[in-house]
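To keep things clear, I will list the structure first and then write my remarks on it.
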Amino acid sequence: MSGEKDTFFLTTAIYYVNDLPHIGSAYEMVAADVLARWRRLNGDRVHFLTGTDEHGEKIARSAEQRGRTPSEHVDDIVPRWTDVMALLRISYDDFIRTTQPRHTARVQEFMQRLYDRGDIYLDTYRGAYCVSCEAYYGPGDLLDGDLCPVHRRPVEQREQDNYFFRLSKYAPDLLRLYDEHPEFMQPEVRRNEVRSFVEAGLQDVSISRSSFTWGVPVPWDDDHVFYVWFDALLNYVTAVGWGADDEAFARRWPADVHIVGKDIIRPHAVYWPAMLMAAGVALPQQVYAHGFVLVSGEKMGKTNATGIAPAQLVDHFGVDCYRYYFLRELSFGQDGSFSWESMEQRYTTDLANDLGNLANRVLTMVTSYCGGTVPDPAGPPGEAEDALAADWRIAVEGMAAIDRLDFKKALEDLWVLVGGVNRYVEARAPWRLHKQGAGNDLGRCLYTCVDALRTIAVLVSPVMPDAAAALWSKLGLDGAVADQCLPAAAAAGLTPVGATVERGALLFPKLDE
RNA sequence: GGCGGCGUAGCUCAGGGGUUAGAGCACUCGGCUCAUAAUCGAGUUGUCGGUGGUUCGAAUCCACCCGCCGCUACCA
């Protein structure tokens, strides 16, 4: 009836359209994109999903303020997100919008199933309501017992009929999930948090709203729409054909990893698996919560709207450096700091000096000593080649850290090879071999350098696709670097002898100043 | 308050019972000249938050203290 899973399926969170892209959301997209490109490079069929979350009261209100319909409003903003994704070379395979019929129809079907199974029921929600905020607050949020934290005015007790999901029923199953599949919620600190939250006892959650209409209608009750979170989470299955295309769904689901921010762990690690359990759908393999990008010690987010736009950094440093910097400088699972100075530092040290200069010095020597063609690697390997081979291995093996979302370690290890080639050049001193007329030694040395650069281009391509392609072309190689396939493509000796190299423009010219 | 985490070179961090505690950056000195004053080599700095304990031996385990942080349910 249906096929078998044969696709590496990864997702970012879907982005709330009311917000504009900032370096925090861009961080998540880039990381997911690097993982997607890395898996493709390793020969996997990959499905990379991202998109926008477009329902909810907030959006309805913003639209109203602008004198437009919610639908016009979201259509207007979505390009802001797709533009940033294009700018950052995000290679998504699908972009879902929660307002698309392919989503809304399946959300209704999914929820109807939970309702039919008795996991959704109508009850009265009572809570402290602030009229100015038009929102309910929990007891812990109130100041002095009954003051709204935003307006410092007394809240009133209100009640409304809501549909509830029987979350509490799934607590034992969730605990078993965390215990039997520790990889489900990563990193471990987050798993501990989630576990202790669930262990403390779960209440059923309200999943519908009747005070506004900008949402997916509850199919069995015209007065309600689904609360955005429960609509949004379902994008992960609606986008890959749940309820619509069983074969496509079977090939992709369950997701291999949902990459999300640490602030939205609960919906992803508690509500989401419980909903899937209730519907009898397989659970995702992993939810990975990344840390925040801090700017001067503060969270970069919607609150500091004055924050730096990704485009500003791309203008100054280029897209390759943008992607490299955040993954090399920060530990993905932890909070990390962005600063203009550290980004300049990374650009100059790692990109211009280490990698860019290496490419340039090798290409220059091939140009002036070998007439611009890749020489024959005549002669037997010596100690210098052996030392380089060790660094080569570290880079190839180290890049696999990307599978653990440890981008920092992967790049650290790749740079061992970059440094290794620089050391190799010093050790062999090809300029001396050239003067001595040691043709065989010179040929072997420069061939080895070009061949190592080819490998570096392949390995670095998921992180810096443009720079990798530029380097690939300078080396006179055929085809596209993105079409190479690991692990074979990282083996030594694959560079064709006689290819014509071209120095061209510097890969990473020094920054002005 | 409860649960959890962190505090290691000037900076960012790794390590985590066993000889003289590590990396990168920064800094100093030296080499080289193919290269984007780049690259290569050598070197300096640390009471591993504090106190006490377990141990033949602790940065690494335990207790307490100090400082910082996360979670402790329905604004996305």
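Residue numbers start from 1 in every chain, and the chains themselves are labelled A, B, ... in the order their sequence lines are given, proteins ahead of strands. Here the structure is a predicted model, which is why all the values come from computation and not from measurement. Heavy atoms only: backbone and side chains are in, while hydrogens, waters and symmetry mates are out.
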Walk me through it: do V216(A) and H224(A) pass the test side chain to side chain contact (heavy atoms under 4.5 Å, CB included)?
CA-CA 9 Å; V216(A) 178; H224(A) 289 254; over 6 Å; no
Could you list the donor-acceptor pairs under 3.5 angstrom formed between side-chain atoms of residues 409-417 of chain A and any protein atom two or more places apart in sequence or on another chain?
| unit_1 | atom_1 | unit_2 | atom_2 | d |
| --- | --- | --- | --- | --- |
| K409(A) | NZ | D413(A) | OD1 | 3.3 |
| K409(A) | NZ | D413(A) | OD2 | 3.4 |
| W415(A) | NE1 | D350(A) | O | 3.1 |

Only counting residues at least two apart or in another chain, list the ones meeting salt bridge (charged side-chain N to carboxylate O under 4.0 Å, His left out) with R97(A).
E54(A), D75(A)
Return yes when atom CD of Q436(A) has more than 12 non-hydrogen atoms of other residues, nucleotides or ligands closer than 6.0 Å, and no otherwise.
yes
Please give me every residue in residues 317-329 of chain A whose heavy atoms get under 4.0 Å of an atom in RNA chain B, ordered by residue number.
none
Given that both pair distances must be under 3.5 Å and the pair must be Watson-Crick or G-U, what runs of three or more consecutive pairs involve RNA chain B?
B:1-7 with B:66-72, B:10-13 with B:22-25, B:27-31 with B:39-43, B:49-53 with B:61-65
So which one's nearest nucleotide on RNA chain B is more toward 5', V425(A) or G336(A)?
G336(A)
rU45(B) and rG4(B): how far apart are their P atoms, nearest whole angstrom?
39 Å
What integer number of Å spans the P atoms of rC64(B) and rU28(B)?
47 Å
Roughly how many Å is it from CE in M343(A) to C1' in rC25(B), rounded to a whole number?
17 Å
Under 4.0 Å between a Lys/Arg side-chain N and an Asp/Glu carboxylate O for E426(A) and R361(A)?
yes
Which value, in whole Å, describes the distance between the P atoms of nucleotides rG22(B) and rC56(B)?
27 Å
Under 4.0 Å between a side-chain nitrogen and a carboxylate oxygen: does that hold for E385(A) and R428(A)?
yes
Sorted by position of nearest nucleotide on RNA chain B, 5' first, the leading residue of K435(A) and F164(A) is K435(A)
Using the P atom as the point on both nucleotides, what is the distance between rG10(B) and rG49(B), in whole Å?
13 Å
Enumerate the side chain to side chain donor-acceptor pair (under 3.5 Å) contacts for residues 364-378 of chain A, please, sequence neighbours excluded, ordered by first and then second residue.
T364(A)-R503(A)
With the side chain of R209(A) defined as its heavy atoms from C-beta on, choose the nearest nucleotide among rC74(B), rG70(B), rU36(B).
rC74(B)
Testing rG70(B), rG24(B), rC34(B) for proximity to the side chain of E193(A), the answer is rG70(B)
D76(A): salt bridge (charged side-chain N to carboxylate O under 4.0 Å, His left out) partners, not counting sequence neighbours
R66(A), R68(A)
For D204(A), all residues meeting salt bridge (charged side-chain N to carboxylate O under 4.0 Å, His left out), sequence neighbours excluded:
none
Say we look at rG24(B) and rU60(B): how far apart would their P atoms be, to the nearest angstrom?
25 Å
Round to a whole Å and report the spacing from NE2 of H434(A) to C1' of rU33(B).
13 Å
Return the value, rounded to whole Å, for the distance between atom NZ of K409(A) and atom C1' of rG15(B).
12 Å
Just call it for E188(A): base, sugar-phosphate, or nothing, with non-hydrogen atoms closer than 4.0 Å on any strand.
nothing
Is the closest basic N to carboxylate O distance between R195(A) and E199(A) below 4.0 Å?
yes
We want to know whether S210(A) and D223(A) form a side-chain donor-acceptor pair, criterion being a heavy-atom distance below 3.5 angstrom.
no
Using atom names, set out every protein N or O paired with an N or O of nucleotides 39-43 of chain B below 3.5 Å, distance rounded to 0.1 Å.
| unit_1 | atom_1 | unit_2 | atom_2 | d |
| --- | --- | --- | --- | --- |
| rU39(B) | OP1 | D354(A) | OD1 | 3.3 |
| rU39(B) | O2' | R361(A) | NH1 | 3.1 |
| rU39(B) | O2' | E426(A) | OE2 | 2.8 |

Has E72(A) got more than 12 heavy atoms of other residues, nucleotides or ligands less than 6.0 Å from its CD?
yes
Q334(A) CD to rC13(B) C1', straight-line distance once rounded to whole Å:
9 Å
Under 4.0 Å between any heavy atoms, over every strand shown, what does G356(A) touch: base, sugar-phosphate, or nothing? Just pick one.
base
Check the distance between rC75(B)'s P and W229(A)'s CH2 and give it to me in whole angstrom.
11 Å
Which residues pass the salt bridge (charged side-chain N to carboxylate O under 4.0 Å, His left out) test with K408(A), not counting sequence neighbours?
none
Which is true for F197(A) with a 4.0 Å heavy-atom rule: it touches a base, it touches only sugar-phosphate, or it touches nothing?
base
Pairing of E57(A) and R209(A) as salt bridge, 4.0 angstrom limit
no
Ring pair (Phe, Tyr, Trp, His ring centres under 6.0 Å) test vs F317(A) passes for just one of F326(A), W340(A), F508(A), namely W340(A)
Check step by step if salt bridge (Lys or Arg N to Asp or Glu O under 4.0 Å) holds for E64(A) and R61(A).
CA-CA 5 Å; E64(A) 200 178 337; R61(A) 215 180 301 156; over 6 Å; no
State whether Q160(A) places a side-chain N or O below 4.0 Å from either non-bridging phosphate oxygen (OP1 or OP2) of rC74(B).
no
In numerical order, the residues of residues 68-77 of chain A whose heavy atoms come under 4.0 Å of RNA chain B are none
Tell me, please, which residues at least two apart from Y236(A) pass ring-ring contact (aromatic ring centres under 6.0 Å, His included).
H258(A), H268(A), W272(A)
Looking only at rA73(B), rC32(B), rC25(B), the nucleotide nearest the Q345(A) side chain is rC25(B)
Once you apply a heavy-atom cut-off of 4.0 Å, does G201(A) come out as touching a base, just sugar-phosphate, or nothing?
base
Choose from rA73(B), rU33(B), rC13(B) the nucleotide whose nearest atom is closest to any side-chain atom of K408(A).
rC13(B)
Without decimals, in angstroms, what is the distance between L433(A) CG and rU33(B) P?
12 Å
Return yes if a side-chain donor-acceptor contact under 3.5 Å exists between N18(A) and S62(A), otherwise no.
yes
How far does the P atom of rA58(B) sit from the matching atom of rG31(B), given to the nearest Å?
45 Å
Rounded to whole angstrom, note down the P distance from rC6(B) over to rC74(B).
28 Å
Please give the distance between the P atoms of rU36(B) and rA14(B) as a whole number of Å.
37 Å
Can you tell me the distance, in whole Å, between the CG atom of L358(A) and the P atom of rC34(B)?
16 Å
How many Å lie between CZ on R190(A) and P on rC3(B), as a whole number?
19 Å
List in numerical order all residues of residues 499-509 of chain A for which some heavy atom is under 4.0 Å away from an atom belonging to RNA chain B.
L506(A), F508(A), P509(A)
